[in-house]
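None of the values given here were measured: they were computed from a predicted structure.
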Amino acid sequence: LFHEMQRKLRADVVSFSSIINACGVGSAWQMSLKFLAHLRVYDLRPNVATYGAAIAAVERGSQWSQALALLKQMERDQCHPNT
């Protein structure tokens, strides 16, 4: 799906957030982190929704240390949680 998106669509934060969310729903938390990292290849910055989707994905995988690391990364990116 992602490779198809690359060929036909212009990647944006919304599309990455959707993919990251789908990875989390599908219990593919590792893949969600890869997409989060790949976002920067397109010179895009994750927003609250993007981080929220990634945090939810790692939580579903019981990866609490990853969730905490993402919260710290949000702080470094000056992206403030809304809940």
Legend entry - Between CD1 on residue Ile19 and NZ on residue Lys34, distance to nearest 0.5 Å: 14.5 Å

Inset, instruction - Report yes if the side chains of His38 and Phe16 come closer than 4.5 Å at any heavy-atom pair, otherwise no. - result: yes

Legend entry - Sequence-distant partners of Arg76, salt bridge (charged side-chain N to carboxylate O under 4.0 Å, His left out), two or more places apart: none

Legend entry - Side chain to side chain, Trp29 and Cys23, heavy atoms closer than 4.5 Å: no

Inset, instruction - Please report the closest heavy-atom contact between Thr50 and Ser17, naming both atoms and the distance. - result: OG1-OG, 2.6 Å

Legend entry - Side chain to side chain, Tyr42 and Asp12, heavy atoms closer than 4.5 Å: no

Inset, instruction - Side-chain contact test, heavy atoms from C-beta onward, threshold under 4.5 Å: evaluate it for Leu70 versus Leu33 and give yes or no. - result: yes

Legend entry - Under 3.5 Å donor-acceptor, Asp77 side chain and Cys79 backbone: no

Legend entry - Distance in Å, Tyr51 OH paired with Arg45 CZ, rounded so as to fall on 0.5 Å steps: 8.0 Å

Legend entry - Shared hydrophobic cluster, Leu71 / Leu39 (ILVMFWY, side-chain heavy atoms < 4.5 Å): yes

Legend entry - Polar side-chain atom of Arg60 near backbone of Ile55 as donor-acceptor pair, under 3.5 Å: no

Could you go through residues 61-69 and list every donor-acceptor pair under 3.5 Å that involves a side-chain atom there, pairing it with any protein atom two or more places apart or in another chain?
| from | atom 1 | to | atom 2 | distance (Å) |
| --- | --- | --- | --- | --- |
| Gln63 | NE2 | Gly61 | O | 2.9 |

Inset, instruction - State, yes or no, whether a side-chain contact exists between Gln73 and Pro46 at a heavy-atom distance under 4.5 Å. - result: no

